[in-house]
Amino acid sequence: MSMLDEMHLRRNPSLTLGQKLWSINWGLILLIALLAGFGMAMLYSAANGSFDPWASRQAMRFLLGLSVLLVVALIDIRLWFRLAYPIYLLSLLLLVGVEVMGSIGMGAQRWIDLGIIQLQPSEVMKVALVLALARYFHGLTLQDVGRPHYLIPPVFLAFAPAALVLRQPDLGTALMLLMVSGAVFFAAGVRWWKFALVIAAVGGAVPLVWSHLHTYQQKRVLTFLDPESDPLGSGYHIMQSKIALGSGGVLGKGFLQGSQSHLNFLPEKQTDFIFTMLAEELGMVGGLMLMALFLLVFIYGFAIAMRSRNHFGRLVALGVTVNLFLYVFINIAMVTGLIPVVGVPLPLVSYGGTAMLAVLFSLGLLISVSIHRDIRIPRRGLRDEA
Amino acid sequence: MSERRNEEQGRHRRFTRRAAMLAGGQVLLLGALAGRMYYLQVVEAEKYKLLAEDNRINIRLLPPPRGQIVDRFGTPLAVNRQNYRVLLVSEQVRDLDASFDRLDRIVALDADDRERIRGEIKRKRNFVPVTVKENLSWEQVSRIEVNAPELPGVSIDVGETRHYPYGDVLSHIVGYVAAVSEKELTGDPLLELPGFRVGKNGVEKLHDEELRGTAGTSQIEVNALGRMIKELSRQDGHPGREVVLTIDAGLQSYVHQRLANEQSASAVVMDIDNGELLALSSVPSYDPKPFNIGLSRKQWLDLVNDPLSPLSNKSIAGTYAPGSTFKMIVALAGLAGGIGADHKVYCPGHMTLGNHRFHCWKRGGHGSLDLEGAIQQSCDVWFYDVSKRVGIDRIAAMARRFGLGEPVGIDLPGERGGTMPTKAWKLANLGQHWQGGETLVNAIGQGFVLTTPLQLAVMTARIASGRAVVPHVTRGLRGAGGVELVRPEAPKLDIPEAHLDIVRAAMDAVVNSARGTARGSAIEEPGWEMAGKTGTSQVRRITKAERAAGVIKNEDLPWRRRDHGLFVAYAPVDKPRYACAVVVEHGGGGSSAAAPIAKDIMLETQRRDPLGNEPLPLVAQGAGQKA
């Protein structure tokens with residue numbers, strides 16, 4: 001029976017809307033909704049027990065994002081395959097656009113104002129880069145991957161946006177782009193020693209670049225690496241965040257009862273530091289529960305990646321999952337004082353429109369990979385088939 | 001085909017292997033985060049709980065004492081007094097209403113108070129204390145202290161409150177302080193302190209920044225309940241600076257009392273040479289104290305709806321038709337236009353222009369008069385004739401040189417400019433062309449012309465001194481870095497002294513000659529004689545029918561429709577030093593209502609002679625001086 005189904009699919013690789021809806025990973029969507037619900041509860045608390053101004057607006061954004069997710073998920077994977085490079089190019093143009101606008105306007109600029117929402121091209125690029133790299137590696141055999149000159153184009157694909165983002169200057173996002181790319185390279189089968197080589201080369205170049213930087217640029221990098229040197233800025237934030245977390249204890253101070261958050265000792269409690277507030281009010285138990293929910297999402301992601309029958313889908317699913325993981329890890333590591341403050345929100349939970357939309361879009365891609373997992377895409381691309 | 005499949009299987013296999021490695025790596029990293037959480041929330045939890053509960057370092061602001069306001073001799077006009085007040089920290093209060101009720105038994109809290117407190121609680125962060133009631137008596141303080149256990153979140157605080165020893169006598173000049181409103185919050189944390197006051201009117205408002213000073217800070221350790229544990233460091237601020245006025249408080253009191261017999265009146269006394277205002281009074285006035293404490297809605301509505309508008313400083317914001325006090329300007333415009341002092345006009349009691357008849361105030365007419373006689377007897381027809389020759393625009397230009405028609409720039413908020421019409425003004429504002437008859441009406445200070453009492457005083461001072469003096473009430477600032485506000489000597493008006501002398505002689509005749517309109521108010525003390533000019537400004541139009549039947553006397557009219565009485569004066573007549581303007585609203589004629597008041601004021605001014613006494617030195621004595 002199932003053999004027959006499969007045969008049918010292979011021969012006639014287009015699914016009806018009903019089949020697609022049936023095969024959506026509703027469990028994953030439930031997890032996403034739970035995470036967003038957690039976030040809204042915390043936003044309700046952050047506003048001292050009021051839906052205004054954050055929770056209600058976040059709920060609207062979530063519903064909007066969820067419909068985007070469904071649309072993205074229902075679009076055929078082959079269309080995403082075809083659009084991979086155009087999307088990448090468009091994102092790159094947007095990045096160049098903010099760069100130009102920034103140099104004309106007032107210094108650092110990361111946003112393009114579209115009226116309804118502000119578009120942050122670096123967020124879009126995180127998804128676009130995954131698509132483009134997946135598209136590229138989809139066309140390579142293992143032997144090709146082993147040949148160094150085949151790796152030159154994807155390295156360019158990754159470094160061009162990273163360099164643009166670095167100029168904004170947004171070191172955190174640039175590193176995230178490179179780390180996601182690294183994960184895709186790794187999953188595509190690039191040899192270990194090549195990673196070692198690149199890391200060594202970058203490490204060797206650092207002193208050279210450092211000596212060419214202006215003093216103020218050096219200072220900026222140093223403050224980034226050691227926020228404690230700026231005790232009234234991010235150092236103070238981290239101290240207050242640790243006090244809030246630590247004083248929360250195992251079971252927390254209770255919903256709406258976080259003294260650190262409600263006395264405004266905790267900065268940015270509705271955005272970057274929302275996890276701190278959660279762990280202060282709901283304790284370690286609450287914090288670990290949230291992390292467990294995220295872990296389940298990651299497991300879904302990897303499972304979808306491994307089950308896909310096309311290489312493009314596998315790499316997209318993996319890239320998207322790693323990207324989400326990086327958000328979560330960097331945010332929590334930051335608020336617990338493990339790494340410097342870099343201003344990365346907690347996806348689905350923190351207050352904010354663009355990040356929410358970008359994350360739900362990428363999760364839509366993940367589900368699209370899952371729905372269309374049995375569709376085969378020839379290595380040499382779709383045109384051969386026609 | 002099979003090679004291709006093998007290839008596909010190969011890279012799938014490697015992908016799966018490597019994806020598993022990445023997944024494993026992620027699990028490890030998440031584990032590290034969980035470990036970190038365990039470390040912070042279990043291992044170190046006690047330490048952080050202590051930090052959170054007991055060890056918050058706060059920076060507390062030390063409000064600087066507000067600077068005093070004193071008169072020219074150092075008499076305090078606005079000072080600080082100790083003030084006991086009840087504060088309430090909303091986060092420590094479980095049931096606000098219950099707390100209010102309990103407090104109500106000790107200090108009265110009406111519905112207005114409660115509403116205000118609720119508003120403040122909403123506006124401020126919930127650990128910032130809010131003022132419940134101020135100016136408590138000792139008994140109330142001790143009763144609250146005794147009942148402290150059942151009043152959680154309630155505390156007593158001693159602060160400073162503003163006290164105005166002269167009350168309503170000086171409220172229009174000194175102004176008042178009141179609680180900071182939401183609009184005024186600039187982000188300066190000082191403004192958020194409970195009970196902090198800022199100047200809302202008068203000098204208190206104009207010099208608020210200098211009077212306020214800068215806040216000191218005290219770094220203190222507090223526990224979670226906001227109770228202070230110890231002070232870690234302290235940095236003192238700077239007290240506000242003292243503002244010295246030009247006003248003579250004694251003279252001001254006299255003027256205020258002298259005016260208080262009238263329903264609504266104002267008076268200005270100034271130094272004719274440098275523009276220092278010695279008295280500036282407007283009755284009725286208001287008591288500044290309730291503003292400081294917080295006005296109730298009823299008190300506020302009463303003040304705003306009072307038909308006599310006590311809140312308005314009429315000496316700078318009341319605009320009145322100047323009546324005959326405007327005639328000096330027309331005379332000067334005539335002199336400048338070549339119409340000499342000997343220009344004679346026959347007054348039959350009216351003048352006809354076109355088909356309209358313009359009346360003189362004296363029905364029978366004055367006969368033949370020259371300039372001096374025309375001012376002395378305030379003949380309207382003489383000025384009709386001169387104004388017809390000179391034209392309104394040249395009269396207006398002359399008026400502006402004497403400070404009429406636009407704000408003179410006194411250093412007090414709320415000054416109004418009045419109106420000095422020209423042909424262009426009428427076209428722009430009313431969209432109509434100027435009528436010839438209007439020149440005549442405006443030439444006797446009726447029609448469109450509107451002036452403030454302050455402007456009339458400035459006009460008189462400029463006639464007496466020949467200088468373009470600008471009036472002001474602030475002499476300077478005392479205290480650290482004391483400086484006199486730099487006032488360059490007023491420049492000479494570009495008016496021939498001979499012209500001014502003609503007008504001065506005429507003003508002398510108004511008061512000191514047998515036929516003068518203010519003969520009854522002449523000062524008899526030798527050397528203190530004053531010169532002046534009466535003015536009566538109609539607030540209603542006298543119809544033809546009424547004129548035929550006999551003009552109704554002021555005393556027979558309802559108060560609202562009676563004429564305004566005006567008088568301007570300077571003294572002493574030989575060597576002028578003081579100028580004065582008095583306006584009595586609906587007081588009847590200038591000679592009967594305003595001139596006697598001006599006489600008394602000028603007499604008292606010269607008796608006290610504030611300019612003859614050494615004023616308070618602005619810079620600390622001793623600096624730069626050698627014994």
Side-chain angles (χ1 to χ4, degrees), chain A residues 48 137 140-143 145 183 186-190 239-240 242-250 252-253 259-260 262-265 279-280 283-285 287-288 291-292 294-295 298-299 301-303 305-306 308-309 311 314-315 317-318 321-322 325 328-329 332-333 336-338 376 378-379, chain B residues 3-59 89-91 122 125-128 222-226:
Chain A
N48 289 324
F137 282 113
L140 295 192
T141 63
L142 265 184
Q143 283 76 11
V145 172
F186 182 69
V190 176
M239 190 59 205
Q240 293 301 342
K242 276 155 79 174
I243 291 176
L245 277 166
S247 61
V250 178
K253 297 173 185 171
S259 64
Q260 283 276 315
H262 290 286
L263 293 185
N264 283 330
F265 282 99
E280 184 192 14
M284 190 172 76
V285 173
L288 290 183
M291 281 162 65
F294 273 118
L295 183 64
F298 303 147
I299 290 173
F302 278 104
M306 291 183 193
S308 173
R309 283 174 184 272
H311 204 51
R314 289 196 279 265
L315 290 171
L318 180 120
T321 308
V322 169
F325 169 81
V328 175
F329 179 78
I332 297 181
T336 51
L338 282 178
R376 302 224 169 179
R379 183 160 52 78
Chain B
E3 194 183 311
R4 220 163 159 194
R5 180 165 300 168
N6 282 341
E7 160 60 33
E8 170 61 25
Q9 278 175 355
R11 71 179 186 178
H12 192 178
R13 228 179 284 126
R14 189 182 287 185
F15 174 86
T16 308
R17 202 163 57 231
R18 294 210 159 175
M21 284 183 208
L22 281 173
Q26 292 190 2
V27 169
L28 280 180
L29 285 172
L30 283 180
L33 289 184
R36 176 70 175 171
M37 301 267 291
Y38 176 80
Y39 175 75
L40 287 175
Q41 300 198 283
V42 177
V43 180
E44 297 227 291
E46 285 310 311
K47 169 182 145 193
Y48 286 119
K49 267 178 196 159
L50 277 179
L51 279 174
E53 299 301 323
D54 297 329
N55 216 5
R56 291 179 190 155
I57 291 169
N58 269 8
I59 290 178
V89 179
S90 62
E91 67 169 336
K122 213 172 264 175
R125 277 170 277 174
N126 58 358
F127 57 91
V128 174
V222 291
N223 66 8
L225 295 179

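Scope of the values below: all heavy atoms of this structure, side chains included, with no hydrogens, waters or symmetry mates.
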- request: Pick one of side chain, backbone, both or neither for A:Ile299, based on which atoms fall under 4.5 Å of a heavy atom in chain B.
  value: neither
- request: For A:Gln143 and B:Arg11, run side chain to side chain contact (heavy atoms under 4.5 Å, CB included): C-alpha distance rounded to whole Å, both residues' side-chain angles, the deciding distance at 0.1 Å, then the answer.
  value: CA-CA 10 Å; A:Gln143 283 76 11; B:Arg11 71 179 186 178; over 6 Å; no
message: Can you give me the closest heavy-atom contact between B:Gln41 and A:Leu245, atom names plus distance?
response: NE2-O, 2.8 Å
- line: Here the gap from B:Lys47 atom NZ to A:Lys242 atom NZ, rounded to the nearest 0.5 Å, amounts to 7.0 Å
message: Under 4.0 Å between a side-chain nitrogen and a carboxylate oxygen: does that hold for A:Arg314 and B:Glu8?
response: yes
- prompt: Side-chain contact, heavy-atom cut-off 4.5 Å: B:Val42 with A:Met284?
  reply: yes
message: If I measure from the heavy atoms of chain B, does A:Val145 come under 4.5 Å with its side chain, its backbone, both, or neither?
response: neither
- line: Ranked by heavy-atom pairs below 4.5 Å to chain B, first place among A:Leu338, A:Leu295, A:Val250 goes to A:Leu338
query: What part of B:Tyr39 lies closer than 4.5 angstrom to a heavy atom of chain A: side chain, backbone, both or neither?
result: neither
message: Nearest 0.5 Å, please: how far is CZ in B:Arg14 from CG in A:Leu142?
response: 4.5 Å
statement: Heavy-atom nearest pair, A:Leu318 first then B:Ala19, reads CD1-CB, 3.7 Å
statement: One should read off an interatomic distance between A:Glu280 CD and B:Tyr48 OH, to the nearest 0.5 angstrom, of 13.5 Å
message: For a side-chain hydrogen bond (donor to acceptor under 3.5 Å, both in side chains) check, start with the C-alpha distance between B:His12 and A:Arg309, then their side-chain angles and the critical distance, and finish with the verdict.
response: CA-CA 9 Å; B:His12 192 178; A:Arg309 283 174 184 272; over 6 Å; no
- prompt: With chain B, which of A:Ala279, A:Gly301, A:Ser308 has the greatest number of heavy-atom pairs at distances under 4.5 Å?
  reply: A:Ala279
- prompt: What option among A:Gly283, A:Gly287, A:Gly252 has the most heavy-atom pairs under 4.5 Å with chain B?
  reply: A:Gly283
query: What part of A:Ala244 lies closer than 4.5 angstrom to a heavy atom of chain B: side chain, backbone, both or neither?
result: neither
Side-chain donor-acceptor pairs under 3.5 Å in residues 26-36 of chain B, sequence neighbours left out?
from: B:Arg36; atom 1: NE; to: A:Thr336; atom 2: O; distance (Å): 2.8
from: B:Arg36; atom 1: NH2; to: A:Thr336; atom 2: O; distance (Å): 2.7

task: For B:Arg18 and A:Val190, indicate whether the former's side chain and the latter's backbone hold a donor-acceptor pair under 3.5 Å.
output: yes
- request: Please look at A:Phe186 and chain B and tell me whether the side chain, the backbone, both or neither of the residue comes under 4.5 angstrom of a heavy atom of that chain.
  value: both
task: Considering non-hydrogen atoms only, spot the tightest contact between B:Ala45 and A:Gly249 and give its length.
output: CB-CA, 4.5 Å
query: Between A:Phe329 and chain B, which part of the residue has a heavy atom less than 4.5 Å away: side chain, backbone, both or neither?
result: both
- request: Locate the shortest heavy-atom distance separating A:Leu288 from B:Met37; write the atom from each residue and the value.
  value: N-CE, 4.3 Å
